[in-house]
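Input: a single structure, listed below in structure tokens.
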Amino acid sequence: MYKLPVSVLVVIHTLDLDVLLLERTGHPGYWQSVTGSQHHGESLRQTALREIREETGLNPCDYPLSDWEIEYRYEIFKEWRWRYAPDITHNTEHVFSLCLPEKEAITIAPEEHLNYLWLPWRKAADKVFSWSNAETIRNLPQHLSEMDEFSLLPT
């Protein structure tokens, strides 16, 4: 079955704005936040929760998950288009963030990622390969400052 051209981007960060990055297995040196395609019948929130669990081993229900209500549309890299129906060339990515009180050890999914690291937000934005990921990380301080204290409680 083909992937849906709808995905989530989840920036996992601490209150001090350290950001978790994952290195792609298929592309050593390509760092990114948690990402993943929506499955048929899933809400975007369910997709974000599933991808966090699968890619980090974290229980996302223990931390506040924020839907930024922002989406990016971009052309799918040609090398990855085989995963989608033949006429699909673009993906719509929906942005979320997950706030942890402090850095935690992560259990990576070895079929997807080689390694992980925590970086201050500016360095993380410079390290990721995706422009939408970089833009989201650069907007993280503003997004966090706009959140109220109740949005930092686990959902």
Side-chain angles (χ1 to χ4, degrees), residues 1-68 70-140 143:
M1 179 180 285
Y2 292 119
K3 281 186 164 201
L4 294 174
V6 178
S7 65
V8 296
L9 166 68
V10 184
V11 175
I12 298 177
H13 65 91
T14 65
L15 288 169
D16 292 334
L17 295 176
D18 287 319
V19 175
L20 173 67
L21 296 183
L22 304 165
E23 184 179 20
R24 292 188 68 98
T25 300
H27 290 276
Y30 276 43
W31 292 86
Q32 65 181 53
S33 294
V34 169
T35 62
S37 293
Q38 185 178 42
H39 290 176
H40 290 278
E42 273 185 333
S43 69
L44 291 169
R45 182 176 189 79
Q46 289 170 327
T47 302
L49 295 170
R50 176 180 50 77
E51 289 293 341
I52 293 164
R53 272 189 219 96
E54 289 176 2
E55 295 189 15
T56 68
L58 294 171
N59 181 352
C61 297
D62 290 344
Y63 310 99
L65 178 67
S66 174
D67 181 348
W68 289 30
I70 292 173
E71 62 184 51
Y72 296 109
R73 183 170 160 76
Y74 59 84
E75 187 173 358
I76 300 166
F77 289 137
K78 288 184 178 152
E79 65 189 275
W80 291 325
R81 283 198 195 151
W82 62 269
R83 299 174 179 173
Y84 301 88
D87 59 336
I88 300 297
T89 58
H90 286 75
N91 184 70
T92 302
E93 179 178 70
H94 299 266
V95 177
F96 290 81
S97 61
L98 187 77
C99 184
L100 280 59
E102 58 191 13
K103 294 184 247 184
E104 290 197 22
I106 300 302
T107 303
I108 58 172
E111 65 282 358
E112 291 190 54
H113 299 106
L114 296 171
N115 206 349
Y116 76 91
L117 55 82
W118 289 94
L119 287 176
W121 69 273
R122 285 183 182 95
K123 288 184 179 181
D126 290 341
K127 192 162 186 74
V128 295
F129 76 94
S130 159
W131 66 267
S132 62
N133 200 168
E135 184 170 318
T136 301
I137 293 169
R138 286 188 189 103
N139 290 328
L140 187 58
H143 177 77

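If you're wondering where the values come from, they're calculated on a predicted model, not measured in any experiment. No hydrogens, no waters, no symmetry mates; every other heavy atom, side chains included, goes into these values.
Of the candidates L58, V19, L22, L21, L58 is the only one forming a side chain to side chain contact (heavy atoms under 4.5 Å, CB included) with I12.
A distance of 9.5 Å separates OG in S97 from CD1 in I70, rounded to the nearest 0.5 Å. Between R45 atom CZ and D67 atom CG the span is 7.5 Å, to the nearest 0.5 Å. S43 OG to L49 CG: the interatomic distance, rounded to the nearest 0.5 Å, is 7.5 Å. In this structure, CD in E51 is found 7.5 Å from OG in S37, a value given to the nearest 0.5 Å. Between the CD1 atom of I108 and the CG atom of L114 there is a distance of 7.0 Å, given to the nearest 0.5 Å. T136 OG1 to W131 CH2: the interatomic distance, rounded to the nearest 0.5 Å, is 8.5 Å.
The closest side-chain heavy-atom distance from P5 to I88 is below 4.5 Å. The shortest side-chain heavy-atom distance between Q38 and H94 does not fall under the 4.5 Å cut-off. C61 is listed as a side-chain neighbour of R53, based on a closest heavy-atom distance under 4.5 Å. Residues V11 and S33 have side chains in contact (heavy-atom distance under 4.5 Å, counting atoms from C-beta outward).
Considering only residues two or more places apart in sequence or on other chains, E54 meets the salt bridge (charged side-chain N to carboxylate O under 4.0 Å, His left out) condition with R50. Taking the ring pair (Phe, Tyr, Trp, His ring centres under 6.0 Å) definition, one finds that Y84 meets it with nothing, sequence neighbours left out. Residues forming a side-chain hydrogen bond (donor to acceptor under 3.5 Å, both in side chains) with T56 (at least two apart in sequence, or on another chain): none. Qualifying side-chain hydrogen bond (donor to acceptor under 3.5 Å, both in side chains) partners for W80, counting only residues two or more places apart in sequence or in other chains: none. Every residue two or more places apart in sequence or in another chain was checked for a ring pair (Phe, Tyr, Trp, His ring centres under 6.0 Å) with W82, and none qualifies. A search for side-chain hydrogen bond (donor to acceptor under 3.5 Å, both in side chains) contacts involving H143 returns S66, W68, not counting sequence neighbours.
Heavy-atom minimum distance, E93 versus V8: CG-C, 4.3 Å. Considering all non-hydrogen atoms of both residues, L98 and P60 come closest at CD1-O, 3.8 Å. Closest approach of A134 and A125 over heavy atoms only: CB-O, 3.5 Å. Shown here for V10 and A48, the closest heavy-atom pair between the two residues is CG2-CB, 3.8 Å.
For residues 6-32, the set of pairs meeting the side chain to side chain donor-acceptor pair (under 3.5 Å) definition, not counting sequence neighbours, comprises S7-N91, R24-Q32, H27-E79, Q32-T35. Evaluation of the side chain to side chain donor-acceptor pair (under 3.5 Å) test over residues 99-127, restricted to residues two or more places apart or in two chains, returns Y63-E104.
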